[in-house]
Amino acid sequence: MIAYGFSEYGGPETEYFLDVPIPDPGQGQVLVAVHAAGVNPADWKVRAGNRKDTVHTSLPAVLGREVSGTVVQVGTHVDGFSVGDRVFGSTAAGHGGYAQYTVLNASSAAHKPGAVTFAAAATLPVAAGTAYDGVDQLGLASGSTLLVLGAGGGVGSAVLQIAKARGLNTIGVAGTGKQEWVSGLGARFVPSGEHFADAVDTVVDGIFDLVGGDTLKSAVSLTKPDAPVVSVADPVLATSLGGSGVHRRRTTEAYEAVADLVATGVLTPRIDQTFPLERAGEALATVERGHATGKVVIEVG
């Protein structure tokens, strides 16, 4: 099969197309013919070697962490999935999504609703899944105010939509170029920058952080005592401030819940650009340049 990956840690020059055997699913796994793969900042960070302490990678490696597709083979001890099922989920360890086929753990896969496109489904495990788990973790009651730092990206925009559906008031901090997008999701927009906190004239009940650093430190001063704080960008700092990182579940149940939000119109993933597998390098470069508002997707086949 054709896949796109990297041969050593470094920059984009280490990326290339691989011709590798179609993998066999192991116990508790399914083999999926990939229809779409989500592209995420974590992909280039793994390639750059920034995640060597947390992500074990055998080189050469196929890039990509989330896909949608059709089950073509089922491993042993798998319940709930059959050949021909349309699914989405997180790629299993040692497997990547920028490929014609990949392997998913059945416990980290879910059936794709008919109302959800393959492209949209492929964006759910990382960004929307993180948003869903983080909002759940915050546990804020309806009517509470949630401050979202970095509200204009894939995770942040999903947080705003999920929070709105749960009756939360949201304040979204993002660059001025994303004001229309953030406001359109029902949040009160606050421009990012050194003095963003001065524009927040209310005490907030919780923080969902996607920026970290001094921005997170400034935001904590706006909260009520013991307000919950979760951070994707800086979990170590968040912990020192009384919060934590986002505890990801990556389970069938969580993914089904997220897909249902899309199917019912509560959550609308924004896909800004799609690329064929032959242009996977361009897709990753687009994300690596940063400042993307919506998701980038690789379409396969």
Side-chain angles (χ1 to χ4, degrees), residues 35-40 65-70 80 85-90 97 108-148 150-174 177-189 206 208 210 230 232 246 248-274 292-299:
H35 296 316
V39 182
N40 295 282
R65 305 171 65 201
E66 58 180 357
V67 300
S68 63
T70 302
D85 286 351
R86 297 179 173 190
V87 300
F88 70 98
S90 303
S108 294
H111 292 277
K112 183 189 75 66
V116 180
T117 66
F118 280 111
T123 72
L124 299 181
V126 175
T130 299
Y132 182 82
D133 288 343
V135 173
D136 262 9
Q137 191 175 324
L138 286 166
L140 297 177
S142 178
S144 300
T145 298
L146 173 63
L147 178 65
V148 183
V155 178
S157 59
V159 171
L160 295 180
Q161 293 176 75
I162 293 169
K164 180 181 179 182
R166 297 188 181 187
L168 303 182
N169 302 309
T170 53
I171 301 172
V173 180
K178 298 180 180 180
Q179 180 173 357
E180 183 177 355
W181 170 238
V182 171
S183 298
L185 295 175
R188 177 189 161 193
F189 174 79
F208 199 123
L210 297 152
V230 297
V232 174
V246 174
R248 289 302 317 277
R249 287 173 285 191
R250 299 185 180 90
T251 62
T252 298
E253 293 74 22
Y255 289 163
E256 286 177 341
V258 173
D260 185 63
L261 293 178
V262 179
T264 57
V266 171
L267 174 64
T268 303
R270 174 171 172 173
I271 300 172
D272 278 353
Q273 296 187 65
T274 60
T293 299
K295 293 282 290 188
V296 172
V297 172
I298 294 171
E299 295 186 317

Would a distance-only check, ignoring hydrogens and angles, find a side-chain to backbone donor-acceptor pair under 3.5 Å from [X] to [Y]?
X    : Y    : value
N169 : T145 : no
T123 : A120 : yes
T252 : A109 : yes
H111 : G80  : yes
K164 : L168 : no
S108 : R250 : yes

Between [atom1] on residue [X] and [atom2] on residue [Y], distance to nearest 0.5 Å:
X    : Y    : atom1 : atom2 : value
Q161 : T170 : CD    : OG1   : 10.5 Å
F88  : E66  : CZ    : CD    : 10.0 Å
S157 : L267 : OG    : CG    : 8.0 Å
L124 : K112 : CG    : NZ    : 10.5 Å

Check whether any side-chain heavy atom of [X] lies under 4.5 Å from a side-chain heavy atom of [Y], and answer yes or no.
X    : Y    : answer
D272 : R270 : yes
I298 : V39  : yes
D260 : E256 : no

Under a 3.5 Å cutoff, is there a donor and acceptor pairing between the side chains of [X] and [Y]?
X    : Y    : answer
R86  : S68  : no
K295 : N40  : yes
S90  : Y255 : yes

Considering all heavy atoms, the nearest [X]-[Y] contact:
X    : Y    : result
K178 : F189 : C-CE1, 4.3 Å
Q137 : V230 : NE2-CG1, 3.5 Å
G97  : A37  : O-CB, 3.4 Å
G150 : L210 : O-CD1, 3.5 Å
A131 : A158 : CB-CB, 3.6 Å

Evaluate the criterion side chain to side chain contact (heavy atoms under 4.5 Å, CB included) for residue pair L261 and Y132; output intermediate values, then yes/no. CA-CA 10 Å; L261 293 178; Y132 182 82; 4.1 Å; yes
(message) For a side chain to side chain contact (heavy atoms under 4.5 Å, CB included) check, start with the C-alpha distance between V262 and T268, then their side-chain angles and the critical distance, and finish with the verdict.
(response) CA-CA 6 Å; V262 179; T268 303; over 6 Å; no
Exercise for the section: Check L140, L160, L147, V246 against F208 for a side chain to side chain contact (heavy atoms under 4.5 Å, CB included) and give me the one that passes. Expected result: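 Per the side chain to side chain contact (heavy atoms under 4.5 Å, CB included) rule, the option paired with F208 is V246, out of L140, L160, L147, V246.
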- [ ] Apply side chain to side chain contact (heavy atoms under 4.5 Å, CB included) to T274 and I271, showing your working.
- [x] CA-CA 8 Å; T274 60; I271 300 172; 3.8 Å; yes
What verdict does the side chain to side chain contact (heavy atoms under 4.5 Å, CB included) test give for L146 and V148, after you've listed the backbone C-alpha separation in whole Å, the side-chain angles of each residue and the deciding distance to 0.1 Å? CA-CA 6 Å; L146 173 63; V148 183; 3.9 Å; yes
- request: Evaluate whether atom CD of E180 has more than 12 neighbouring non-hydrogen atoms of other residues, nucleotides or ligands under 6.0 angstrom away.
  value: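 No - once you tally the heavy atoms of other residues, nucleotides and ligands closer than 6.0 Å, there are 12 at most.
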Could R249 and D136 be called an ion pair, given the rule that one side-chain N must be under 4.0 Å from one carboxylate O?
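Judged by the 4.0 Å cut-off on N to carboxylate O distance, R249 and D136 do form a salt bridge.
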